[in-house]
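The first residue in the sequence is number 1, and the count goes up from there. Remember, it's 1-based here, ligands and their atoms both numbered in the order they're listed. Nothing here was measured: the structure is a model prediction, and the numbers come from that model.
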Amino acid sequence: MEALIAVDVQNDFCSGGALPVPEGDAVVEPINQLAEQLPFVVATRDWHPPDHASFAEQGGPWPVHCVRDTPGAELHPGLHAGQIDAILDAGRERDHEGYSGFEHTGLDRLLREHGVDTVHVAGLALDYCVKATALDARRAGFDVVLHAGATRAIDVHPGDAERALAELRRVGVDVVD
Ligand code: VGL
Ligand code: ZN
């Protein structure tokens, strides 16, 4: 049984958002196509309290983004909502970064309940939440396929995207276009 995890395809990570990932919107159509082909689709959302520790005003590295229940935290309107079977929210606790979709979300349990053994991962951002989610999926024992063409990176430090892909390959993730 295979599943797609569409990571954090949210307004704030796309053009016009609070923490736009370069070309972030470009993941929407490839993800819709993957969702059409896969029997179980989970979308994760970055879902922070207004005083999340990752925000610059709290001493963290990021501008305020994906504050729970705000338009910036909504899934990109271009995603085909009818194809999404479950939405899980991460980063909900003030003092936890919560990059991984597996962290305090019940994702592992949800996948097992559905008999999933292979997870396909795509979304935003490759060098943060997509990487952390794919690594945790491997740690949890899933076979993992990373769809690089359906991701985009923030690339704060040039080369972060390439380093993320190398790290994923090293732990046995199947990186495909
Ligand atoms: C993410 C930075 C901060 C992500 C979330 O979804 O990759 N990146 N919060
Ligand atoms: Zn965040």
Student: Compute the minimum heavy-atom distance from Q10 to ligand 1 and say whether it is under 4.0 Å.
Tutor: no
Student: Only one of D143, V119, L168 clears side-chain contact (heavy atoms from CB on, under 4.5 Å) with R138; which?
Tutor: D143
Student: Below 4.0 angstrom from a heavy atom of A125, which ligand 1 atoms are there? Numbered from 1 as shown, please.
Tutor: 4 (C), 6 (O), 7 (O)
Student: Enumerate the atoms of ligand 1 whose separation from the nearest heavy atom of D46 is less than 4.0 angstrom.
Tutor: 5 (C), 9 (N)
Student: Hey, could you give me each pair passing ring pair (Phe, Tyr, Trp, His ring centres under 6.0 Å) that has a residue in residues 21-45? Not counting sequence neighbours.
Tutor: F40-H114
Student: Heavy-atom distance under 4.5 Å between the side chains of D85 and V42, does that happen here?
Tutor: no
Student: Please tell me if the side chains of V145 and V173 come closer than 4.5 Å, counting only heavy atoms from C-beta onward.
Tutor: no
Student: Tell me the ring pair (Phe, Tyr, Trp, His ring centres under 6.0 Å) pairs involving residues 156-177, sequence neighbours left out?
Tutor: none
Student: Of the protein's non-hydrogen atoms, which lies at the shortest distance from atom 8 (N) of ligand 1, and what is that distance?
Tutor: Y128 CB, 3.7 Å
Student: With a cutoff of under 4.5 Å between side-chain heavy atoms, which Ile, Leu, Val, Met, Phe, Trp and Tyr residues group with I87?
Tutor: L4, V9, F13, L19, V21, V27, V28, I31, L34, L38, V41, W62, L75, L79, I84, Y99, L124, Y128, I154, V156
Student: Is any N or O atom of H65, backbone or side chain, closer than 3.5 Å to an N or O atom of ligand 1?
Tutor: yes
Student: Give me the residue, atom name and distance of the protein heavy atom closest to atom 6 (O) of ligand 1.
Tutor: D8 OD2, 2.7 Å
Student: Ignoring water, what protein N, O or S atoms are under 2.8 Å from the Zn ion (ligand 2)?
Tutor: D46 OD2, H48 NE2, H65 NE2
Student: Any side-chain donor paired with an acceptor under 3.5 Å for H120 and E2?
Tutor: yes
Student: Do E97 and H52 come close enough that some side-chain heavy atom pair is under 4.5 Å?
Tutor: yes
Student: What residue and atom, counting heavy atoms only, is the protein's closest point to atom 2 (C) of ligand 1, and at what distance?
Tutor: W62 CE2, 3.5 Å
Student: For atom 4 (C) of ligand 1, what's the nearest protein heavy atom and its distance?
Tutor: C129 SG, 2.9 Å
Student: Flag the pair R139 / F102 as yes when at least one side-chain heavy-atom distance between them is below 4.5 Å, and no otherwise.
Tutor: no
Student: Geometry only, no angles: is L19 polar-contacting ligand 1 at N/O separations under 3.5 Å?
Tutor: no
Student: Please determine whether a side-chain nitrogen of the Lys or Arg among R92 and D89 lies less than 4.0 Å from a carboxylate oxygen of the Asp or Glu.
Tutor: no
Student: Any side-chain heavy-atom pair from H48 and S54 closer than 4.5 angstrom?
Tutor: yes
Student: May I ask you to identify, for L124, whether its side chain, its backbone, both or neither come under 4.0 Å of ligand 1 on a heavy-atom basis?
Tutor: backbone
